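These notes are about the structure you will find just below.
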Protein chains: 4
Amino acid sequence: MRPKDETKREAILQSAMVLINTYGLAHTSISKIAKEAGVSPATIYIYFANKEDLLTTLYVEVRREMAGAILDSIDESLEVVDAFRLLWENLLAYYLAYPDHFVFAEQFHNAPIVDSVDPAEVDTHFEPYVRLIERGQTQGQLKNIPANLINAFVFYPLTELAKHHVKEGTPMEDDELEAAFDCAWDAIRA
Amino acid sequence: MRPKDETKREAILQSAMVLINTYGLAHTSISKIAKEAGVSPATIYIYFANKEDLLTTLYVEVRREMAGAILDSIDESLEVVDAFRLLWENLLAYYLAYPDHFVFAEQFHNAPIVDSVDPAEVDTHFEPYVRLIERGQTQGQLKNIPANLINAFVFYPLTELAKHHVKEGTPMEDDELEAAFDCAWDAIRA
Amino acid sequence: MRPKDETKREAILQSAMVLINTYGLAHTSISKIAKEAGVSPATIYIYFANKEDLLTTLYVEVRREMAGAILDSIDESLEVVDAFRLLWENLLAYYLAYPDHFVFAEQFHNAPIVDSVDPAEVDTHFEPYVRLIERGQTQGQLKNIPANLINAFVFYPLTELAKHHVKEGTPMEDDELEAAFDCAWDAIRA
Amino acid sequence: MRPKDETKREAILQSAMVLINTYGLAHTSISKIAKEAGVSPATIYIYFANKEDLLTTLYVEVRREMAGAILDSIDESLEVVDAFRLLWENLLAYYLAYPDHFVFAEQFHNAPIVDSVDPAEVDTHFEPYVRLIERGQTQGQLKNIPANLINAFVFYPLTELAKHHVKEGTPMEDDELEAAFDCAWDAIRA
DNA sequence: GATGAATGAGCGTTCATTCAT
DNA sequence: AATGAATGAACGCTCATTCAT
């Protein structure tokens with residue numbers, strides 16, 4: 001049977017994310033999530049098979065949303081550098097709108113539990129990004145290096161910057177964003 | 001009276017790190033650490049005030065060791081680019097020798113518990129690195145951008161690469177290292 | 001959902017009282033209470049916030065029951081001496097029926113934990129007794145002394161006698177009861 | 001071998017009493033007593049066989065001191081009523097000087113652990129008191145009732161009054177003492 | 001005699017999960 | 001679908017006691 005109340009499901013996921021960001025995976029229990037979401041602990045088991053399922057589902061959905069927000073406006077007609085630039089700005093806009101998503105994704109990504117997520121489930125959504133890199137390399141605009149290296153100089157530095165500003169509660173200034181993009185682009189351009 | 005057994009303290013810290021890397025902060029309990037270390041749970045409380053103290057102590061010590069291994073051979077007589085290059089190689093050597101340290105530090109760094117560590121306790125040990133950046137900027141070899149930006153393009157990408165290879169169990173090839181350094185240097189050089 | 005099982009709550013309170021009377025406050029743990037009551041330790045926390053809440057609740061309920069049993073039949077139409085005599089007999093009957101209550105109340109009353117009970121919660125139920133003393137003093141049948149002094153010569157001696165007989169397992173003979181009442185009345189009468 | 005440092009033994013007993021009066025038997029551990037007394041937990045086991053031995057020893061010594069302070073000045077040349085009056089004043093003086101002793105003795109006396117004390121060890125010291133009662137009864141000044149009844153109207157009421165004033169931190173006024181003695185004497189005199 | 005180190009057992013409490021309604 | 005009741009297992013931590021010096 002299909003669950004009735006979609007808002008309840010969302011409340012559970014959202015509460016889990018907030019608690020995990022605030023107190024950590026280790027101190028976030030089902031009953032606390034239930035209380036925060038305003039439902040019974042038992043209700044959570046109607047929407048998710050168990051705690052791990054809840055957490056990994058949350059991670060996959062967050063990653064999917066992030067990928068969509070960042071990549072949806074990227075298309076093959078754009079110059080590679082402009083595509084990267086757009087991607088960069090999308091990422092920034094997203095982090096401003098949903099800082100929680102970044103913080104959660106980073107925590108989860110660095111915990112062993114991430115291994116219980118099928119990488120394909122996440123990777124699929126980043127497919128346009130992979131194609132962008134391939135195009136940049138074929139066209140000679142990007143260094144001819146493994147994709148994960150490109151990754152390491154595009155996503156992680158910005159993610160790190162974003163996290164830093166979220167934590168400090170300070171906004172990211174335009175010129176810092178500009179400088180950061182220059183660094184990233186210098187790092188990977190041919 | 002019996003003197004404190006320093007090897008016991010080390011066994012506790014080491015066991016904690018291994019378990020946290022394997023099962024995560026959330027699934028690493030005092031009694032599991034004790035069992036892994038071959039001591040009684042009560043013994044842990046002779047060496048550490050409580051679980052948080054144990055974890056933060058572990059983090060600070062790991063960071064200190066990392067800083068030492070990476071920075072000790074850096075001195076002011078080196079050209080800036082050579083200093084960065086040396087630092088890069090030190091980092092790689094360290095990660096090959098102590099991959100656990102990287103994995104643990106990343107997990108801890110991305111969990112909320114990191115906020116209970118006094119940043120100064122960690123930052124002090126990276127002071128030589130900060131001075132290196134300043135020198136590079138005064139001498140015009142580095143971009144004139146905030147230190148945390150430089151950071152974001154030097155440490156995090158390599159850390160990320162290192163983590164990736166640790167997880168996959170694959171070695172990092174010389175040419176990948178070379179390519180990665182080129183990216184990093186291109187990112188930050190003036 | 002399942003409704004709360006009131007018999008379970010009672011079993012917990014009763015088990016706590018029995019164990020405390022037998023082994024003392026210091027040696028009565030939640031898990032022992034749970035075992036004695038035939039429930040899980042966790043179940044106790046459905047009915048009580050924590051151990052202290054369980055103990056103080058037990059004390060207040062015991063005191064309330066004692067007050068009811070002793071004072072309910074006292075009314076203002078009785079002569080003061082007859083009222084005291086009736087109270088005396090009620091007390092005796094109650095101690096014969098529920099010796100555990102006396103023993104527990106005394107142990108609790110003499111332990112520092114009693115300070116965490118709001119005195120008002122207990123005192124309210126002894127209000128008729130306070131009024132009886134006031135009446136006896138206004139009518140000139142009782143000595144004009146503070147209420148706690150009257151108390152000290154009415155309740156505590158009998159309580160002590162009752163405890164003594166409970167402990168020894170001997171019954172209180174009619175003539176001892178008679179003699180005891182005479183002492184008490186001689187102590188407080190004008 | 002005889003323990004060397006008598007002050008250490010006293011410090012342990014005194015610390016135990018203070019902690020038990022403040023936090024209760026249930027929350028007073030050997031290691032807390034040791035810390036309060038400024039010794040090692042292991043040292044306590046040089047002076048006492050185990051925790052129970054420490055506690056019962058403390059109780060017996062407190063009772064002995066109380067008996068001595070109260071009864072030493074009583075001798076057979078005194079009129080019975082004067083003897084009771086003197087005893088009364090001694091008791092008051094003692095409670096003013098050592099309120100802790102009263103509070104501890106009452107707590108211990110009402111806990112099941114008291115059963116592990118040989119009553120004879122305590123009763124011996126109250127022998128003069130028992131003889132006083134016998135004399136009073138033979139001479140016809142006291143009611144002809146069991147000794148424990150006399151007890152119940154002499155010691156417990158005053159003890160209760162004393163405890164009350166200790167807890168409230170208020171002094172006992174002369175006239176209250178006077179009134180209390182009158183009550184007690186009226187209770188037991190022939 | 002005196003100590004701090006060391007411990008297995010137990011503490012009060014919360015956990016993830018299931019049950020009964 | 002949704003709930004609060006219920007639980008055995010596990011949590012972080014402290015216990016009374018002993019060990020090694």
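Below, chain A is the first sequence line, B the second, and so on; all start at residue 1. On a predicted model such as this, the values are computed, not experimentally measured, just so you know.
The shortest distance between the side-chain N/O atoms of Y47(C) and the OP1/OP2 oxygens of dA6(F) is below 4.0 Å. The shortest distance between the side-chain N/O atoms of T43(A) and the OP1/OP2 oxygens of dT3(F) is below 4.0 Å. Contact annotation: K51(B) side-chain N/O to dC13(F) OP1/OP2 distance is not under 4.0 Å.
For H109(C), the NE2 atom counts as densely surrounded, since its 6.0 Å shell holds more than 12 non-hydrogen atoms of other residues, nucleotides or ligands.
I12(C) has its CD1 atom 13 Å from the P atom of dT13(E), to the nearest Å. Here dA6(E) presents its C1' atom at 16 Å from CD of E6(B), a figure rounded to the nearest Å. Between the OH atom of Y45(A) and the P atom of dG4(F) there is a distance of 16 Å, rounded to whole Å. F48(D) places its CZ atom 16 Å from the C1' atom of dT17(F), with the value rounded to the nearest Å. Atom-to-atom, OH of Y23(C) to P of dC11(E) comes out at 13 Å; the value is rounded to the nearest Å. One can place CZ of R9(C) at 13 Å from P of dA6(F), the figure rounded to the nearest angstrom. In this structure, I44(A) places its CD1 atom 12 Å from P of dG4(F), rounding to the nearest Å.
Considering only the side chain of A42(B), dT7(E) comes nearest among dC19(F), dG12(F), dT7(E).
Heavy-atom distances to DNA chain E give each of K8(B) and K8(D) a nearest nucleotide, and the one nearer the 5′ end belongs to K8(D). When the nearest nucleotides of DNA chain F are assigned to N50(B) and S40(C) by heavy-atom distance, the more 5′-ward of the two goes with S40(C). Projected onto DNA chain E by closest heavy-atom contact, I46(B) and P41(C) fall at different nucleotides, the more 5' of which corresponds to I46(B).
Going from atom OG of S15(A) over to atom CG of L54(A) covers 10.0 Å, rounded to the nearest 0.5 Å. A distance of 13.5 Å separates CD1 of I30(B) from NZ of K35(B), quoted to the nearest 0.5 Å.
Contact check of residues 25-37 of chain D against DNA chain F (heavy atom, cut-off under 4.0 Å) returns T28(D), S29(D), I30(D), S31(D), K32(D).
The pairing partner recorded for dT18(E) is dA5(F), the criterion being a Watson-Crick or G-U wobble arrangement whose two distances lie under 3.5 angstrom.
By the 4.5 Å heavy-atom criterion applied to side chains, L25(B) and Q107(B) are counted as neighbours.
Applying the side-chain hydrogen bond (donor to acceptor under 3.5 Å, both in side chains) rule to D53(B) yields the partners T57(B); only residues at least two apart in sequence or on another chain are considered.
Partner M17(A) forms a side-chain contact (heavy atoms from CB on, under 4.5 Å) with one of L19(A), L13(A), I20(A), N21(A) and no other, that one being N21(A).
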For the pair V114(A) and N110(A), evaluate side-chain contact (heavy atoms from CB on, under 4.5 Å) and give the outcome as yes or no after the intermediate values. CA-CA 7 Å; V114(A) 78; N110(A) 285 284; over 6 Å; no
